[in-house]
Amino acid sequence: MNKPKIWLSSPHMGGGEQKYIKEAFAANWVAPLGPNVTGFEHDLETYLGKEMSVAALSSGTAALHLALLLLGIQHGDEVICQSFTFSASANPIVYVGAAPVFIDSERDTWNMCPIALEQAIVDRIAKGKIPTAIVLVHLYGMPAKLEEILELAKRYNIPVIEDAAEALGSSYKGQKCGTFGDFGILSFNGNKIITTSGGGALVASSKELKDKAVFLATQARDVAPHYQHSHIGYNYRMSNILAGIGRGQMEVLEAHIDLRRGMHQFYDNYFKNIRGATLLKEPTDAYFSNHWLSAVILDPAICNGKSSEKLRLVLEAENIESRPLWKPMHLQPIFESYPYYGEKTAEQLFNNGLCLPSGSNLTTLDKERILKVFNAFF
Ligand SMILES: *Cc1c(COP(=O)(O)O)cnc(C)c1O
């Protein structure tokens with residue numbers, strides 16, 4: 001088989017990235033600080049609006065770790081976390097010695113179910129454990145039910161960390177994802193909507209909090225001519241070279257969101273005629289998804305036994321990558337002993353869902369190849 005691989009989501013450079021990298025080399029700013037880092041942060045702050053302060057970091061996981069530290073989460077605490085997500089949403093909870101409490105999803109956005117969330121909060125409080133934070137995820141770029149969840153967080157006085165790793169450019173009622181919570185986190189990993197090859201950012205509501213994050217991310221050096229430390233530090237800052245890629249990528253972000261949304265439209269045109277197939281879609285006009293990944297659920301009982309796994313295999317045979325949805329955290333061997341609230345929605349999504357090739361760089365020819373497989377399969 002010599003057909004070129006069609007990837008799920010691959011890096012898509014805009015062309016401007018190398019200019020910023022050349023500048024960094026010319027000035028010998030090859031370090032985890034410099035004008036590209038400041039410039040990339042400024043670009044993100046301008047883009048997100050709401051006067052947020054952004055710290056560019058080595059990964060989204062590092063950003064989540066710092067958010068938990070800045071909220072003072074510590075050993076013995078409990079942190080509520082969406083179960084249907086990538087493990088990087090939950091791992092940092094364990095880094096700080098806290099225990100995750102997992103919450104099911106709802107059917108409209110596939111994100112945290114507000115009903116299960118309230119059940120969990122009430123039950124944990126009754127058990128004498130007041131949750132110390134909520135990690136909310138906007139999966140595949142789809143904003144979660146922010147209004148309901150923020151209302152609960154406010155009522156019970158629990159801070160929210162928005163995991164917007166997959167949702168840069170998505171918005172809810174016109175406000176950008178990542179700017180609603182006490183902290184937001186972004187990822188620029190290779191498969192995300194824009195990439196720095198690897199990287200992330202912490203979105204904070206004040207310059208003071210951003211400065212604290214940068215302090216922790218640069219080994220927590222006190223102000224002194226020698227190396228003086230009164231905190232445990234981390235090496236989490238983004239390099240000036242990678243931030244140069246980020247600046248170039250910001251120039252094409254809007255165009256790439258349009259292209260990803262175009263891929264979603266392409267799948268919608270196809271699946272609206274397939275009984276038993278449900279594409280993840282914006283539930284109302286309040287939701288705007290960057291459609292980082294287009295994902296579909298197949299109900300084999302309605303689609304003549306055609307399952308998402310069978311579709312994955314026929315795509316793979318044509319060298320087309322697709323991937324099952326995230327396996328919920330409460331079903332992962334490493335997390336199965338932690339509490340879980342909800343029913344089986346996340347589990348059903350995992351069992352019947354598939355992420356489809358969604359890159360902003362897919363060609364007309366790629367789409368034709370995908371359609372050909374679909375037509376033969378359905
Ligand atoms: C990618 C991702 C992360 C982690 O980001 P990294 O930059 O890879 O550390 C966290 N949460 C979600 C939902 C992600 O998709």
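Just so it is clear, the model here is predicted, and its values are computed rather than measured. Order of listing sets the numbers, starting from 1, for every ligand and every atom in it.
Not a single heavy atom of G198 lies less than 4.0 angstrom from ligand 1.
Close approach to N189 involves these atoms of ligand 1, each under 4.0 Å from a residue heavy atom: 8 (O). Near G199, with a cut-off below 4.0 Å to any heavy atom, the atoms of ligand 1 are 7 (O). Here is the list of ligand 1 atoms found below 4.0 Å of a heavy atom in G60: 5 (O), 6 (P), 7 (O), 9 (O). Atoms of ligand 1 lying under 4.0 Å from at least one heavy atom of F86, given by number and element, are 2 (C), 3 (C), 14 (C). Taking a cut-off of under 4.0 Å to the non-hydrogen atoms of A88, the atoms of ligand 1 that pass are 3 (C), 4 (C), 10 (C). Remark: ligand 1 atoms within the under-4.0 Å shell around heavy atoms of S59 are 7 (O), 9 (O). Heavy-atom proximity to S187, at under 4.0 Å, picks out these atoms of ligand 1: 1 (C), 5 (O), 6 (P), 7 (O), 8 (O). Remark: ligand 1 atoms within the under-4.0 Å shell around heavy atoms of S89 are 11 (N), 13 (C).
Salt bridge R237/E41: present, at least one basic N to carboxylate O contact under 4.0 Å. The existence of a salt bridge linking E309 and R312 is confirmed by a sub-4.0 Å separation between a basic side-chain nitrogen and an acidic carboxylate oxygen. Salt bridge absent: E17 and R247 never bring a charged side-chain N and a carboxylate O closer than 4.0 Å. Using a 4.0 Å cut-off between charged nitrogen and carboxylate oxygen, E321 and R323 count as a salt-bridge pair.
Using modelled atom types and a 3.5 Å distance limit, the side chains of T363 and D366 yield a donor-acceptor pair. Side-chain polar atoms of H65 and Y236 form a donor-acceptor pair below 3.5 angstrom.
Heavy atoms from both the backbone and the side chain of T61 come within less than 4.0 Å of ligand 1. If you look at T85 next to ligand 1, the close heavy atoms, those under 4.0 Å, all belong to the side chain.
Among the candidates Y20, Y47, F188, the single residue satisfying the ring-ring contact (aromatic ring centres under 6.0 Å, His included) test with F40 is F188.
Note that R261 lies in the cation-pi zone of F288, set by a 6.0 Å cut-off to the ring centre and a 45° limit from the axis. R221 forms no cation-pi arrangement with F215, by the criterion of a distance under 6.0 Å to the ring centre and an angle within 45° of the ring axis.
Ranking the protein heavy atoms by distance from atom 15 (O) of ligand 1 puts E166 OE2, 2.5 Å first. The nearest protein atom to atom 11 (N) of ligand 1, hydrogens excluded, is given as D163 OD2, 2.7 Å; this is a heavy-atom distance. For atom 1 (C) of ligand 1, the closest non-hydrogen atom on the protein side is K192 NZ, 1.5 Å.
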